[in-house]
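Report on one structure; see the data block that follows.
A, B, ... follow the sequence lines: proteins, then strands. Residue 1 opens every chain.
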2 protein chains.
Amino acid sequence: MPIARHSLHDEVVTRVRDMIIEGTLAPGARIHEGQLGVTLGVSRTPLREALKFLASEGLVDLVASRGAVVRSFTPKDVRDMLDVLATLEAFAGRLACREATDGEIAEVRGLHDRMKERYAVRDRLEYFKLNQQIHSAIQRLSGNAALEAAHASIQSRLKRIRYIGNQEPQKWQDAMDEHETMIRSLEARDGEALAQVLTLHMERTWDRVKATL
Amino acid sequence: MPIARHSLHDEVVTRVRDMIIEGTLAPGARIHEGQLGVTLGVSRTPLREALKFLASEGLVDLVASRGAVVRSFTPKDVRDMLDVLATLEAFAGRLACREATDGEIAEVRGLHDRMKERYAVRDRLEYFKLNQQIHSAIQRLSGNAALEAAHASIQSRLKRIRYIGNQEPQKWQDAMDEHETMIRSLEARDGEALAQVLTLHMERTWDRVKATL
DNA sequence: GGCGTGTATACTGCATGCAGCATGCACGCA
DNA sequence: TGCGTGCATGCTGCATGCAGTATACACGCC
């Protein structure tokens, strides 16, 4: 394994993306190149390159001669993205049930169990991270790289919004139950059932987040 | 309407993307910043920014300290992308039948008729462009911007490969027939039929291109 | 003769300087 | 007093210079 090579702009992409997800950079906020550059300790060049990258991901908008602003989403945007996610995940679920090895499914089960533990102690941050990993893992198990990439792109845009959701205990419990059904369907290699619960999960996710928009 | 503002890196993104699609920059070819910069008449900075953008689109790979290389796709990559496209287009087709106005559908019919004319005189380049426009238009008619963006991203990666396909008269005729069914289904607002033919079209597209990979 | 090592070349990665444009404020005129 | 215009400021967009590193070739050693 090659040692991790941290090209600076790659590092910056990650950092800025995290700042957007965590809300340090609020939606609609203008990104000041010089200022942010100083904050991150890099010059404007790699920062600008990172912003172009994030623009392509849809996390920031580039306005001519006025630089970058953090993209803000309307409720409809969110709903639309969830609909696409549902479509992609349902497709991935069917494939995963067919293509994944038993070992791979066991790994997802491992993620699921760890997530359940974090839920038990109400560790929202870790729960959330494991949750995202599970959804990503199902895409990966589909064996379709293009699918995985398309999913990752949309998921990253929704991260912030989904993190805000699940605030209420009942909602959180519901989400956990849906995940329980998911993992069972995957282990049973029942593609249709998995696709169905994934679609339902997205629909419910919408119900859980729409009030916060 | 604000006059078109051509930020240089945007222009470069378009130019380089076209060079990749047209094959001027062959898959696997290394992109030499200085040299290409001179060719395009721009300095390295906007060119580098454009390359970061294209990397995010998946058209080039960035290798640390070695710059950018034009991404090359394996047959499986192509197959995978077509599968995702089929999924997205089927979804978009259903939505479009429900959401589009009669006027919008008439516009697609217009594109279709123009495409048929180009087919009649065997004008492959114009046929191809109109073909892409039709597929994009169906996404747009879905009213789901996230869907449209995800589709556009994959479609741009496949452009070059799909352009090479349809070389043989019979294949081209078949593709044309599928499009004929498409437009009829759309006009009848039969979402299921449209989804079905779009899926079929992608499957057939695979049959048409796989030999060239 | 083949393989490993050293060195030279040249390309990428990043910093910085300069020019052009957007924005906000002040001043003048109606 | 209100609106329009001009100017100053500061930011973005782009060019270029410099340092670090990959690569290729040549030389030496086994």
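- Sequence order on DNA chain D of the closest nucleotides to B/L8 and A/Q35 puts A/Q35 first from the 5' end.
- One interatomic measurement links the two molecules: CG of A/L47 to C1' of C/dG13, which rounds to 15 Å at whole-angstrom precision.
- Among the nucleotides D/dA15, C/dA15, C/dT12, the one closest to any side-chain atom of A/T45 is C/dA15.
- For A/S65, whose side chain is taken as the heavy atoms from C-beta onward, the closest listed nucleotide among D/dT21, D/dA15, C/dA22 is C/dA22.
- Following rounding to the nearest Å, A/L36 (CG) and C/dA15 (P) show an atom-to-atom distance of 13 Å.
- Taking atom CG of residue A/D10 and atom P of nucleotide C/dG13, one finds them 10 Å apart after rounding to whole Å.
- Residue contacts for B/I31: at a heavy-atom cut-off of 4.0 Å it reaches the sugar-phosphate backbone alone, with no base atom in range.
- Taking the six-membered ring for Trp and the full ring otherwise, the centers of B/H179 and B/H201 sit less than 6.0 Å from each other.
- Side chains of A/R208 and A/D174 form a contact here, defined as non-hydrogen atoms less than 4.5 Å apart.
- In this structure, the nucleotide among C/dT23, D/dT23, C/dC14 sitting nearest to the side chain of B/R66 is D/dT23.
- Put simply, B/S43 has a side-chain N or O that comes within less than 4.0 Å of OP1 or OP2 on D/dA15.
- Rounded to whole Å, the distance from CG on A/L62 to P on D/dC14 is 11 Å.
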Next item on the list: Could you please spell out the steps behind the salt bridge (charged side-chain N to carboxylate O under 4.0 Å, His left out) verdict for B/R157 and B/E57?
Entry: CA-CA 8 Å; B/R157 271 178 267 171; B/E57 280 189 356; over 6 Å; no
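- If you measure from atom CD of A/E33 to atom C1' of C/dA15, you get 14 Å, rounded to the nearest angstrom.
- Proximity of B/H32 to the phosphate of C/dC11: a side-chain N or O atom is located under 4.0 Å from OP1 or OP2.
- One atom, CG of A/L40, and another, P of C/dA15, lie 11 Å apart when rounded to the nearest Å.
- With C/dT16, D/dC11, D/dT23 as the choices, the nucleotide that has an atom nearest any side-chain atom of A/R30 turns out to be D/dC11.
- Screening A/I31, A/V70, A/L25 for a side chain to side chain contact (heavy atoms under 4.5 Å, CB included) involving A/M19 leaves a single residue, A/L25.
- Within the 4.5 Å cutoff, no side-chain heavy atoms of A/S136 are placed close to those of A/E148.
- D/dA15 atom P lies 14 Å from atom CD of A/E49, rounded to whole Å.
- Nearest to the side chain of A/R44, among D/dT12, C/dG13, D/dA15, sits D/dT12.
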